Amino acid sequence: MKTAFCIAAILASANAFVPASRPAFSTKVAAEDFLEAEPYFDQSTVPVNTFKNKAPFTGKVVSTKRIVGPKATGETCHIIIDHDGDFPYWEGQSWGVMPPGTREKDGKPHSVRLYSIASSRYGDDMTGKTGSLCVRRATYWCPELKADDPAKKGICSNFLCDSTPGTEIKMTGPAGKVMLMPEEDPSTDYIMVATGTGIAPYRGFIRRLFFEDTPAAKAYKGEAWLFLGVANSDALLYDDEFQEAKKKFPENFRLDYALSREQTNKAGGKMYIQDKVEEYADEVFSKLENGAHIYFCGLKGMMPGIQDMLKGVAEKKGLDYDEWLKGLKKAKQWHVEVY
Ligand code: FAD
Ligand code: A2P
């Protein structure tokens, strides 16, 4: 059974992202309910587009930390941004970031890039005054140079990954309601499928369900099942937190990884996330039949493979895939945010 989480372990885990210059959690913490709706699952007040392009919010970076090992393919950073409580959001939403500077082609300001928020609404420090992003630095591999070409690197992701404490970030949003958790029924099962930085919203979900002492966490008695696909073990994201949640709530949290360059699928090819989900297809289908919500976040490229896999399973079960999918969408059990 799910019991109250040991706050000390969670605070220790959250403090891993708190720089030495900021006060760590005091022993006396405020009740973890000051950002809840009434009742907590009422979504009629979810903030959307509070700040727009013409009048963006200015946040300040608290810390920027590389969170992958040396053998990861690329660099991914966890960035904590201070909004002083003035830019509330819910788990599953995104922030827009307007990188400084102008475009070379027409001298206009760079456009907004969206980033899924990786913390719960309370932030990693439970103050309700910060939010975190999980950003992969976009680089450009030049086949002729046989090296990265810095002139073609991604503008916004490099700005964010190079940010330091105090860097000002112009932000918009919060955006999106597609990835919200329907919290009304606390026994709802969640199936969360991610590639790479697609983990971001789920980190927020998992903190909300298992790391906090909110009314939502106290009530939750379903099963949250995370599938994460990354290249190798060095590229895993937030594994320490997920292991902790698994240890504390073995009956409520499940974790499966697809390590594409370390594992092989049943056909001997790369272990992609759709292959890992397929291994549990019967359970996944029966959970969905019983009302579970399924989420996909990360690489756009995973969706065709996911759909093919689900279609194959549905056909083997004698189900009409299109009808099956239509039913899930109609019941709002199907959530996709890919980029
Ligand atoms: P850009 O400057 O926009 O460049 C895009 C790509 O083009 C880069 O790979 C760059 O190297 C390449 N490029 C640049 N110039 C050239 C050239 N001349 N020739 C060829 N290639 C070139 N990303 C995350 O990391 N984490 C998230 O949580 C996240 N959440 C998202 C949520 C949503 C809803 C959406 C829509 C997107 C999300 N993204 C996320 C993606 C993010 O918005 C950006 O698209 C991403 O960071 C790349 O932006 P950039 O400014 O760094 O790259
Ligand atoms: P790989 O890079 O080995 O092809 P990224 O590192 O770009 O964030 O990607 C996260 C994971 O998604 C990696 O394991 C990557 O595998 C995998 N991936 C790449 N393309 C697809 C795809 N079409 N379907 C599913 N997973 C994919």
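As the structure is a prediction and not an experimental result, all values here were calculated from the model. First listed ligand is number 1; within each ligand, the first listed atom is number 1.
Scanning the protein for heavy atoms near atom 11 (O) of ligand 1, the closest one is K152 O, 2.7 Å. Closest protein heavy atom to atom 3 (O) of ligand 1: R113 NH2, 3.0 Å. Among all non-hydrogen protein atoms, the one lying nearest atom 36 (C) of ligand 1 is Y339 CB, 3.7 Å. Here the protein heavy atom with the shortest distance to atom 2 (O) of ligand 1 is I155 N, 2.9 Å. Protein heavy atom in closest approach to atom 20 (C) of ligand 1: Y140 CE1, 3.3 Å. Nearest protein heavy-atom contact of atom 25 (O) of ligand 1 is R136 N, 2.9 Å. Among all protein heavy atoms, the one lying closest to atom 52 (O) of ligand 1 is S157 OG, 2.5 Å. Summary of contacts: the protein heavy atom closest to atom 9 (O) of ligand 1 is A138 CB, 3.6 Å.
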Quick one, L288 with W334, criterion side chain to side chain contact (heavy atoms under 4.5 Å, CB included). Give me CA distance, side-chain angles, the key distance, then yes/no. CA-CA 9 Å; L288 289 170; W334 179 266; 5.9 Å; no

ring-ring contact (aromatic ring centres under 6.0 Å, His included) between W95 and F57, intermediate numbers included: CA-CA 10 Å; W95 269 336; F57 180 83; 7.9 Å; no

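In this model, no donor atom of one side chain and acceptor atom of the other lie less than 3.5 Å apart for Y202 and S116. With no hydrogens or angles considered, a side-chain donor-acceptor pair links D256 and Y280 at under 3.5 Å. Using modelled atom types and a 3.5 Å distance limit, the side chains of Y321 and Q307 yield a donor-acceptor pair. Using modelled atom types, one finds no donor on one side chain facing an acceptor on the other under 3.5 Å when comparing E36 with T214. Checked by atom type, the side-chain pair Y339/T197 shows a donor-acceptor distance below 3.5 Å.
Although no hydrogens or angles enter the test, the distance criterion places no donor-acceptor pair under 3.5 Å between the side chain of D189 and the main chain of A292. Although no hydrogens or angles enter the test, the distance criterion places a donor-acceptor pair under 3.5 Å between the side chain of Y89 and the main chain of S120.
Within a 4.0 Å radius of atom 23 (N) of ligand 1, the protein contributes at least one heavy atom. Note that atom 5 (C) of ligand 1 has no protein non-hydrogen atoms nearby, at separations under 4.0 angstrom.
Of the polar atoms of S94, none of the N or O atoms is found under 3.5 Å from an N or O of ligand 1, judged by distance alone. Checking only distances, L114 does come within under 3.5 Å of ligand 1, N or O to N or O. Backbone and side-chain nitrogen or oxygen atoms of N158 are examined, and none is located within less than 3.5 angstrom of a nitrogen or oxygen of ligand 1.
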For ligand 2, list every N/O pair with the protein closer than 3.5 Å, one pair per line with the distance.
unit_1	atom_1	unit_2	atom_2	d
ligand 2	2 (O)	R261	NH2	2.7
ligand 2	3 (O)	S260	OG	2.7
ligand 2	3 (O)	R261	NE	2.8
ligand 2	3 (O)	K270	NZ	2.9
ligand 2	4 (O)	K270	NZ	2.8
ligand 2	4 (O)	Y272	OH	2.6
ligand 2	6 (O)	R136	NH1	2.8
ligand 2	8 (O)	R136	NH1	3.3
ligand 2	14 (O)	V230	O	3.1
ligand 2	14 (O)	A231	N	3.2
ligand 2	14 (O)	S260	OG	2.7
ligand 2	16 (O)	S260	OG	3.1
ligand 2	23 (N)	G301	O	3.0
ligand 2	24 (N)	Q274	NE2	3.3

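Shown in contact with C156 at under 4.0 Å from a heavy atom are these atoms of ligand 1, numbered in order with element: 50 (P), 51 (O), 52 (O). Close contacts between ligand 1 and E337 involve ligand atoms 34 (C) [criterion: under 4.0 Å to a heavy atom]. Listed by number with element, the atoms of ligand 1 under 4.0 Å from a non-hydrogen atom of V135 are 25 (O). Less than 4.0 angstrom separates some heavy atom of T139 from each of these atoms of ligand 1: 11 (O). Atoms of ligand 1 found under 4.0 Å from any heavy atom of Y115, numbered from 1 in the order shown, are 23 (N), 24 (C), 25 (O), 26 (N), 27 (C), 29 (C), 30 (N), 31 (C), 40 (C), 42 (C), 44 (C), 46 (C), 47 (O), 49 (O). Remark: ligand 1 atoms within the under-4.0 Å shell around heavy atoms of K153 are 11 (O).
The number of heavy atoms from other shown groups lying within 6.0 Å of CD (E184) does not exceed 12. More than 12 heavy atoms of other residues, nucleotides or ligands shown are found within 6.0 angstrom of NZ on K177.
Proximity of C134 to ligand 1, defined as any heavy-atom pair under 4.0 Å, is confined to the backbone N, CA, C and O atoms.
Under 4.0 Å is where a charged nitrogen must lie from a carboxylate oxygen, and between R203 and D124 at least one such pair does.
Applying the ring-ring contact (aromatic ring centres under 6.0 Å, His included) test to F253 and every residue at least two apart in sequence or in another chain returns F210.
A distance of 11.0 Å separates CG of L319 from CG of L310, quoted to the nearest 0.5 Å.
Tracing side-chain contacts under 4.5 Å through hydrophobic residues (I, L, V, M, F, W, Y), one reaches M192 starting from L259; they form part of the same cluster. Hydrophobic cluster membership is shared by M303 and L328, with clusters built from Ile, Leu, Val, Met, Phe, Trp and Tyr side chains linked at under 4.5 angstrom.
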